[in-house]
Each structure stands twice: as structure tokens, then as C-alpha cells.
Protein chains: 2
Amino acid sequence: MKTKILELAKDLIQESGANAFSYQDLANVLGIKKASIHYYFPHKDDLLIELVEFYSSELEKFLSMISKTSSEPDLEMDEYLKMYEGISSSENKLCLCGILAGEIVTLSPLLREKINKFFVLQETWLIKILMEGESAKKFNLKGASPDSVAKTILASLQGALVIARSLHDPSFFKQVLKQVRENYEK
Amino acid sequence: MKTKILELAKDLIQESGANAFSYQDLANVLGIKKASIHYYFPHKDDLLIELVEFYSSELEKFLSMISKTSSEPDLEMDEYLKMYEGISSSENKLCLCGILAGEIVTLSPLLREKINKFFVLQETWLIKILMEGESAKKFNLKGASPDSVAKTILASLQGALVIARSLHDPSFFKQVLKQVRENYEK
DNA sequence: GTCTATACAAAGATAGAC
DNA sequence: GTCTATCTTTGTATAGAC
């Protein structure tokens, strides 16, 4: 049940954010009473923290899976971008940490840290891949630092998710994605 | 007083979002009772709609002011990007419509339309400037369409605002900004 | 582990006095 | 226009029975 709660909370928050979703929403879908959810997560913050940890560990697994499956930087980057495409094509959802970052001011200090680690994790991974791709002559950063390009890719993807969803325009995301590749492709 | 309410609501929402701010918050700062705010804006949605209209008209004025002051596309673009830098350097704030877009699922249909018009307004302006810059041989879009580049600039800036604020790292925004220029500079 | 019941606070909103 | 007072609903949370 604990896992079911986390999975559902993830979906609901990716749609509405942390402030607009409630234990009642969870209870309605799961067919239990909201008091029962407090058994697993006494405070909402407990749930949010565990959720971000869960989400981050999923990402971590995904990123290391990529590196094992395909050893070519360009293919690894493709897999990474495909992950974002998946979020964009799932109706009405954003990246969990992207939507939470928009609410960051209203969240607890510990939760903020966890969210920030999520971004740093991606940035670090991107830098690594970009450097590998450059060394292997697969990428061309056109004089920019891997650091700058990594940050820009991350920002573009997160921003594109938000705007594309708002506009109900999946092609918005796709166009940005295509343009993002220009930052590192030869 | 109506203007004061709008100005304050703008600040509060740019920090916390529409769902996490209340009439009580406004009343506390303005030194009046929350019932008094209902006199100006019977429903919260009324306030939000008028606020987005207000914010969009400010943007519209700003964009046409740019075009009158400096007639060079590259300088106009600089002014536009400076506006975003201003948001990023104002502690804890995002673009009003950026933060609302993150909450879009929880907002009224009319409000959604207004928010979307805000993005379209910027995109349209960016396309125009990019095309002018290309014609004047000031910009180089490297084979990409003005449309794609405009969407990417918009997404990058909005995403960078969110992440930079979350990380408490103004340099994150600055690095992305520098990289964004690579999309159109010669 | 899930329930009922309940406490407590906050939010959006309205009525009517001044 | 602003106030007091009040209503209604919702959200977070806890106590204690089963």
C-alpha cells in the first residue's frame, strides 16, 4: 500500500503540484480513508520527502541503466531526451521536481534540498556525457563549456514541459527538443 | 487600492504561486480586512484574471517600448533578455505566468487562455525580432527556423528561472542566458 | 492496518452595519 | 469602501476502537 500511495501521489503531484493535492485525493482513488494514509506518512512533508527520494532514485537507476545499455554518448543522450519526451506526451504531467521547484518557497528546507539534489544529479550526468561525447568526437559544443550546455539543456527541457502543457501543444516540446540537440550535435 | 492589491498579489504569486497565496496574505500586508478585498475582486479568479491581463499589458508595453527605443534587432533582444535577468535577480521570484503555468491544471479555463496568450505574445515577438535580425545579417540561426529558436529561447529562460531560484544560484541563470545567445548570434 | 470520530486552522465567500 | 460577523468547505492531523 505504501508503494501504491507513493505512485499515486507522484501522478497527482505531477499534474497539480504539492499544494493542490491532498490526502483526500489519494484516499478517493485508493478506496481507503485519509486517516489510513497518515499511518504510512504522518505528515504530508514525510510523504513528499520520500516521494522525491523515490523519484530521484528512479532517475539514478535510469541514468546508470543507460550507461550500461548503450556505451555511445550520443545514444545515451538520446535515451535521456526520450525520457523527457515521455513526460511531455503523458497528458497533463510535468517532471515531479520541476513542478515542485515552482513551489519551492512553500516547501520545507529538507524537501528543498532533495529537490535540488535531483537537479544536480541530472546536471552532473549531462556534464559527464557531454565531455565523453566531446572526447569521442561525437559532439561539438561549439566552444561552450560542458557545464553551460548541461545547464541549458536542463533548463530548456524543464521550461518546454511547462509551456507545452499549458498550451496543449506537444509540438512545442518537440521543436525545442530538436533545437536543444543543436547545442551539442556536430 | 485596487492597483495596490494587484501589485501586491503579483509579488506574492511570483513567489508562492496562485494556490499558496490567500486574501488573508494580501490583507495582512495592506492593513485591511480580507472582506474588503472581496469588494474589489469578489472571487479569487477575478483577481487572477485581471492580474494576468495587467501583467500581459505591461509586457506588451515593454515590448513596443523596446522597438521604439532601439531599432536594432540585437539591441532589442538584449533588452528583452535583460528583463528576464531582472526577474532572476529579484530574490525568490519567477515570471508570473511561468509560475501560473506550473499550476495550470488547477486554474479556470478563462485564466488558462490568458496565460497562454502571454506566452504566444512573447513567442510572436521573438519570431519577429529573429527574422528582422536574420534579414539584417545581425543574427545567424544556423539553419533553424525563427519559430524553433523563439520557442527554445522562451523555454530556456522560463526553465532557468525556476531552477536557478530553486538552487539559490543566480549564476545558473546567467550561464543559460549566455548559452541562449548562441542560438542566434553570429 | 484501517476505520470512525473529531479537533483545529485556514480558505473562499457573503450579509449587513457603519 | 471598510468593517464585524458568520457560513461553508477543505485540509492536516490525532485519538482510539476494531
Side-chain angles (χ1 to χ4, degrees), chain A residues 1-54 96 99-100 102-112 114-115, chain B residues 1-54 96 99-100 102-112 114-115:
Chain A
M1 179 56 79
K2 195 171 181 181
T3 315
K4 274 169 98 172
I5 294 171
L6 283 173
E7 291 280 8
L8 178 58
K10 190 178 88 168
D11 287 349
L12 293 180
I13 296 175
Q14 282 186 283
E15 284 198 9
S16 312
N19 292 318
F21 109 103
S22 69
Y23 276 32
Q24 189 63 62
D25 296 331
L26 293 171
N28 289 342
V29 178
L30 294 171
I32 57 174
K33 299 295 165 181
K34 59 178 178 173
S36 308
I37 301 174
H38 283 282
Y39 169 77
Y40 298 99
F41 305 99
H43 306 276
K44 198 178 178 183
D45 198 46
D46 301 327
L47 192 162
L48 294 175
I49 287 168
E50 213 164 307
L51 184 53
V52 171
E53 283 172 348
F54 174 63
L96 179 77
I99 199 163
L100 291 179
E103 305 179 284
I104 202 80
V105 173
T106 70
L107 304 177
S108 76
L110 182 53
L111 187 50
R112 293 184 196 192
K114 303 276 180 190
I115 293 166
Chain B
M1 179 57 76
K2 196 173 182 180
T3 315
K4 273 170 98 171
I5 293 171
L6 283 173
E7 291 279 9
L8 178 58
K10 190 179 89 168
D11 288 348
L12 293 181
I13 296 175
Q14 282 187 281
E15 284 197 11
S16 312
N19 292 318
F21 108 105
S22 70
Y23 275 32
Q24 189 64 61
D25 296 330
L26 293 171
N28 289 342
V29 178
L30 294 171
I32 55 174
K33 299 296 165 182
K34 61 175 178 172
S36 308
I37 301 174
H38 282 281
Y39 169 77
Y40 298 99
F41 305 100
H43 307 276
K44 198 178 178 184
D45 198 45
D46 300 328
L47 191 162
L48 294 175
I49 287 169
E50 214 164 309
L51 184 53
V52 172
E53 284 172 347
F54 175 63
L96 179 76
I99 199 164
L100 291 179
E103 305 179 282
I104 202 82
V105 173
T106 69
L107 304 177
S108 76
L110 181 53
L111 186 50
R112 293 184 195 192
K114 303 276 180 191
I115 292 166

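Sequence lines set the chain letters: A, B, ... in the order given, protein chains first and strands last, and positions in each chain run from 1.
Of the side-chain N and O atoms in S22(B), one or more sit less than 4.0 angstrom from OP1 or OP2 of dA11(C). Here H38(B) does not reach the OP1 or OP2 of dT14(C): none of its side-chain N or O atoms lies under 4.0 Å away. For K33(A) and dC3(C), the shortest distance from a side-chain N or O to OP1 or OP2 is not below 4.0 Å. Contact annotation: S36(B) reaches the phosphate of dC3(D) (side-chain N/O to OP1 or OP2, under 4.0 Å). Listed pair Y39(B) / dT2(D) fails the phosphate criterion, with no side-chain N or O lying under 4.0 Å from OP1 or OP2.
For L47(A) and dG11(D), the CG to C1' distance is 14 Å, given to the nearest whole Å. I37(B) has its CD1 atom 13 Å from the C1' atom of dA11(C), to the nearest Å. When the P atom of dA13(C) is taken as reference, atom CD of Q24(B) falls 14 Å away, rounded to whole Å. Here the C1' atom of nucleotide dA13(D) and the CG atom of D46(A) are 12 Å apart, to the nearest Å. The distance between atom CG of D25(A) and atom P of dT9(D), rounded to the nearest whole Å, is 17 Å. One atom, CG of L26(B), and another, P of dA10(C), lie 16 Å apart when rounded to the nearest Å. As rounded to whole Å, 13 Å separates atom C1' of dA11(C) from atom CG of N28(B). Here dA11(C) presents its P atom at 8 Å from NZ of K44(B), a figure rounded to the nearest Å.
Rounding to the nearest 0.5 Å places CG of L12(A) at 6.0 Å from CG of D25(A).
Closest contact between the side chain of K34(A) and the listed nucleotides dT14(C), dA13(C), dT12(D) involves dT12(D).
Applying the side-chain contact (heavy atoms from CB on, under 4.5 Å) test between I5(A) and each of V29(A), L26(A), L51(A) identifies L26(A) as the sole match.
Side chain of R112(A) to main chain of T106(A): no donor-acceptor pair is present (N/O by atom type, distance under 3.5 Å, no hydrogens or angles). Between the side chain of K44(A) and the main chain of A18(A), a donor-acceptor pair closer than 3.5 Å is present.
With contacts defined as side-chain heavy-atom distances shorter than 4.5 Å, the pair L8(A)/K4(A) does not qualify.
Counting non-hydrogen atoms under 4.0 angstrom, F21(A) reaches the backbone sugars and phosphates but no base. Using a 4.0 Å heavy-atom criterion, one finds that Y23(B) contacts the sugar-phosphate atoms exclusively.
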